[in-house]
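Read through the structure below, which is laid out as structure tokens, and then see the notes.
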Amino acid sequence: MKKNKVSKAIFPVAGLGTRFLPATKSIPKEIMSLVDKPLIQYAIDEARAAGIEEFIFVTSRGKGALEDYFDSAPQLEASLRRKGKTELLEVLKKTTMESGEIAYLRQRDALGLGHAVWCARRLIANEPFAVILPDDVIAADKPCLQQMVEAYEETGGNMVAAMEVPFSEASKYGLLDVKEDMGRLMSVKGMVEKPEPSKAPSNLAVIGRYILTPNILKNLNKKMVGTGGEIQLTDAIATEIEVSSNVYGYRFEGQRYDCGSKAGFLKATVAFGLAREDLRDEFAEFLKGIAAARYAAQ
Ligand code: UTP
């Protein structure tokens with residue numbers, strides 16, 4: 001058995017997705033697709049590649065489409081079978097989760113990411129676990145969580161995915177205060193949530209992949225008491241840095257797209273469209289034409 005094995009992952013998907021209204025009035029943001037694959041499927045594929053065996057979804061009202069997505073679709077499958085569409089049947093097979101492999105919990109009120117993770121505490125019990133935010137789609141030769149899991153087998157502790165961002169964008173992220181930089185891996189002495197650029201301890205931003213110890217849940221537990229506002233996951237990790245200094249940042253290899261924002265989602269759509277062999281030529285030709293027309297008009 002591996003030294004520090006991670007077999008459970010939490011997918012917090014209870015947010016309201018207001019930046020994509022009106023689309024998200026009736027569709028969960030996580031079902032929105034890059035080309036033809038929903039954001040949530042990218043997250044699941046990445047988790048599987050990293051060896052995750054238990055998938056815990058923290059959902060909310062209106063996210064029923066997510067549960068249906070992972071279920072079998074008997075009518076559709078029968079129709080495809082009748083028509084001999086075996087390739088499409090294979091595509092569908094990859095979306096179906098085994099019974100017992102996936103669990104859904106409700107976050108009753110959207111009290112923040114930390115609160116969403118805390119909602120899964122009983123299913124996590126006393127094991128390390130991963131957290132994947134499906135909004136952050138990462139294109140990489142080796143999937144990001146797999147890179148982290150491999151590093152984590154050596155380090156243990158807690159690990160957050162880190163990426164360099166321009167200082168001017170510091171106020172959009174949680175930023176790492178680095179103790180020791182060891183290349184891809186770094187030990188962390190602090191974390192600052194959304195600082196002004198002049199107060200940023202570094203330009204290393206935390207993005208939506210984490211490997212965490214059950215202690216983080218205990219820290220969240222304490223934060224639940226007497227807190228009125230949002231419960232931040234970063235605060236619980238920051239507490240862990242103070243107490244046990246076993247938090248690492250991991251500079252992953254790959255391109256991250258912020259699909260929680262409109263611009264990020266559009267960029268990802270273009271990148272994933274161009275990466276597809278069946279669409280590349282037609283799509284590139286179209287983009288070239290549209291870009292040329294835009295420059296000509298300026
Ligand atoms: P976001 O900050 O992107 O919020 O959450 P959101 O509600 O999804 O989207 P906007 O800002 O209104 O457009 C980051 C991640 O944390 C989850 C979200 O579902 C998303 O995956 N989250 C956030 C929860 O599960 N619960 C919360 O209370 C807040």
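Whatever order the structure lists ligands and atoms in, that order sets their numbers, starting from 1. Only heavy atoms go into these numbers, but all of them, side chains included; no hydrogens, no water, no symmetry mates. Positions are given from 1, in the same order as the sequence printed here.
For the 3.5 Å distance criterion, the side chains of E30 and Y69 fail to qualify, holding no donor opposite an acceptor. Inspection of the T213 and N158 side chains reveals an N or O donor paired with an N or O acceptor under 3.5 Å.
Geometrically, K37 engages Y42 in a cation-pi contact, judged by NZ or CZ lying under 6.0 Å from the ring centre and within 45° of the ring axis.
Only side-chain heavy atoms of K29 come within less than 4.0 Å of ligand 1; its backbone N, CA, C and O stay farther off. Contact annotation for P12 and ligand 1: heavy atoms of both the backbone and the side chain come within less than 4.0 Å of the ligand. Neither the backbone nor the side chain of E230 comes within contact range of ligand 1; no heavy atom lies under 4.0 Å.
Across the listed options Q232, H115, K262, R19, R19 owns the non-hydrogen atom lying nearest to atom 11 (O) of ligand 1. Scanning Q107, K63, E30 for the heavy atom closest to atom 26 (N) of ligand 1 points to Q107. In the candidate list T59, L113, D258, L113 is nearest to atom 16 (O) of ligand 1, counting heavy atoms. Of the candidates L16, L111, T18, T18 brings a heavy atom nearest to atom 12 (O) of ligand 1.
Nearest protein heavy-atom neighbour of atom 19 (O) of ligand 1: G15 N, 2.9 Å. Distance from atom 14 (C) of ligand 1 to its nearest protein heavy atom, with residue and atom name: D135 OD2, 4.1 Å.
Counting protein heavy atoms under 4.0 angstrom from atom 7 (O) of ligand 1 gives one or more.
What you find for S33 and F265 is that their closest heavy atoms are O-CZ, 3.4 Å.
A salt bridge (charged side-chain N to carboxylate O under 4.0 Å, His left out) with K8 holds for exactly one of E101, E127, E53; it is E127.
Annotation: G260 places no N or O atom under 3.5 Å from an N or O atom of ligand 1; distance criterion only.
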